[in-house]
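Shown next, in structure tokens, is the structure this report addresses.
We use all heavy atoms of the structure for the numbers below, so side chains are in, but hydrogens, waters and symmetry mates are not. Remember, it's a predicted structure, so these values are computed and weren't measured experimentally. Throughout, a chain's letter reflects where its sequence line sits, starting with A, and its residues are numbered from 1.
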Amino acid sequence: MTDGELAQLIGRAQARDPDAYDRIIDAFAPRLHGYLFRLTGSREDAEDLLQEVFLRVVRTLEGYEHDGRFVGWLFRIATNLARDRIRRRQRTPRTLHLEVGVPTGERVSWASAGDLSEPAPDDPLMLDEQVDALQRAVARLPAAEREVVMLRHFSGMTFAEISEAMGTPLGTTLARGHRALGKLRKWLEEEDV
Amino acid sequence: MTKDANDNMRREIEAGEAWLAEVMQRSPAPPLRGLESVKHRVRIEVDESAIAFGATPEVRPTVVEQVKQAVRAELATAGAGRGPAMQRASWWIRRRAMMGTLAAAAVVALLLTPVLLWDSRERAGDRPTPSVAPTPAAELAGVDQAWDDFESVLSGESELETELSSLDTAIESLREGTAWSTDVFDAFEDEVVEGADAAA
């Protein structure tokens, strides 16, 4: 979708055209869902948050002025909602925990480690293990590093745009991305993924 | 950070991102379920926000059908047992009820007359300068007579005109016993006669 087409869609959506919202959802839902799944580690949370993101868009799009940064605006909404959800979840910890050998002694919940309650029956076992290993590794990252590396992957924003969206200096954002990628590579290589 | 260090870090990031993209491809997030549900919920939200801004909502077909069914059910209930004979009976009952109400109003007016007159007389007693001294015994006798007359009306022993005549007599006797005002009696008398006429 070109920026002109997107601007036109946003204008129609601001005029409360439901078809325009359908097209925006079609265009961004898959990437947002992947991002939310990697941040929360829960399929249910990701789907729930995805709906919340678009409801928030409906409620706030009126005040949005399109300047070519719609994707950043959208992912910032998603990030804030995911942060709130994770914070709430941490205040009400689950009873089951999975020790993953984090050097700092950090405990990672089942929900954070991945949605293990609903394995896809048709997927090969290796794929399940890889998903589990990747999600476990992502969950071990500090939240700020996890957000940078996932924003880069799913939103396609530049580091400068991420810096602006997160309100952090570019150097900090670059350093977080660099550290996060190094850690992920190290942990996954240790698990032979 | 020097320019070289910065460039070096960027190259490492790019390599790391390429590697992560490949891992992500091999380990995709679970497929998104319920996209239609998200769209549906968003449409409702758009509708509601449009209404909040003054737009008229489109009535949903299911709502129209529900209203139609409710109206049909109401018509069926109202129509049951209300044929022409029932409607005629209903009119007769209403007419009788109206006549009964008028008759009851007249009787109540007749019954209240002596009480109110007595009360008026008591109030008149508070007035400073009555020109004629009150005669309670005569008044009471008049009221007793009126009461007897009303009882006979209730028991059906006498015609209404006869009782009204008795009432006139009672009122006259009361007038004779009081001199403070005749206006109240005149107004009262008019009311009673009008009520009796209406009842007749």
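Within 6.0 Å of CD on B:Glu22 lie more than 12 heavy atoms contributed by other residues, nucleotides or ligands. Within 6.0 Å of CZ on A:Arg12 lie more than 12 heavy atoms contributed by other residues, nucleotides or ligands. In the displayed structure, B:Glu12 atom CD is contacted under 6.0 Å by more than 12 heavy atoms of other residues, nucleotides or ligands.
Partners of A:His66 according to the ring-ring contact (aromatic ring centres under 6.0 Å, His included) rule, which considers only residues two or more places apart in sequence or in another chain, are A:Tyr64. Take A:Thr158 and apply the side chain to side chain contact (heavy atoms under 4.5 Å, CB included) test, not counting sequence neighbours, and it matches A:Ala160, A:Glu161.
Heavy atoms closer than 4.5 Å to chain B are found in both the backbone and the side chain of A:Phe54. Using a 4.5 Å cut-off between heavy atoms, A:Leu170 touches chain B through its side chain atoms alone. For chain A, the nearby part of B:Arg43 is the side chain; its heavy atoms alone come within less than 4.5 Å. If you measure heavy-atom distances from A:Phe154 to chain B, the contacts under 4.5 Å come from the side chain alone. For a residue to count as touching a neighbouring chain, one of its non-hydrogen atoms must lie under 4.5 Å from one of that chain's; by this rule A:His178 touches chain B with backbone and side chain alike.
Taking hydrophobic clusters as Ile, Leu, Val, Met, Phe, Trp and Tyr residues chained together by side-chain heavy-atom distances below 4.5 Å, A:Ile10 shares a cluster with A:Ile77. In terms of hydrophobic clustering, with Ile, Leu, Val, Met, Phe, Trp and Tyr side chains grouped at heavy-atom distances under 4.5 Å, A:Ile86 and A:Leu81 are assigned to different clusters. Criterion: ILVMFWY side-chain heavy atoms under 4.5 Å apart, direct or through other members. Under it, A:Phe75 and A:Ile24 are part of a common hydrophobic cluster.
Atoms CG and CG, from A:Leu134 and B:Leu20 in turn, are 7.0 Å apart once rounded to the nearest 0.5 Å. With rounding to the nearest 0.5 Å, the separation of CZ in A:Arg152 from CD in B:Glu14 is 8.0 Å. Atom CG of A:Leu174 is separated from atom CZ of B:Arg10 by 5.0 Å, given to the nearest 0.5 angstrom. One finds the NZ atom of B:Lys39 at 11.0 Å from the CZ atom of A:Arg23 (value rounded to the nearest 0.5 Å). Distance CZ/A:Arg31 to CG/B:Leu32: 14.0 Å, rounded to 0.5 Å. Taking OG of B:Ser37 as the start and CD of A:Gln51 as the end, the distance is 5.0 Å to the nearest 0.5 Å.
Between the side chain of B:Glu45 and the main chain of A:Arg59, no donor-acceptor pair closer than 3.5 Å is present. Between the side chain of A:Arg43 and the backbone N or O of B:Pro31 there is at least one donor-acceptor pair closer than 3.5 Å.
Minimum interatomic distance between B:Ala29 and A:Gly34 (heavy atoms only, all atoms of both residues): CB-CA, 4.2 Å. Between A:Val58 and B:Ser49, the closest heavy-atom pair is CG1-OG, 4.1 Å.
Annotation: maximal heavy-atom pairing with chain B below 4.5 Å, among A:Val149, A:Leu61, A:Asp26, A:Ile25, occurs at A:Ile25. Ranked by heavy-atom pairs under 4.5 Å with chain A, the list B:Val38, B:Ile13, B:Leu35 is led by B:Ile13.
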For a side-chain contact (heavy atoms from CB on, under 4.5 Å) check, start with the C-alpha distance between B:Arg33 and A:Glu44, then their side-chain angles and the critical distance, and finish with the verdict. CA-CA 10 Å; B:Arg33 300 172 299 191; A:Glu44 280 71 29; 3.4 Å; yes
side-chain contact (heavy atoms from CB on, under 4.5 Å) for B:Val42 and A:Val57? Distances and angles first, verdict last. CA-CA 9 Å; B:Val42 166; A:Val57 169; over 6 Å; no
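The closest side-chain heavy-atom distance from A:Leu184 to B:Trp19 is below 4.5 Å.
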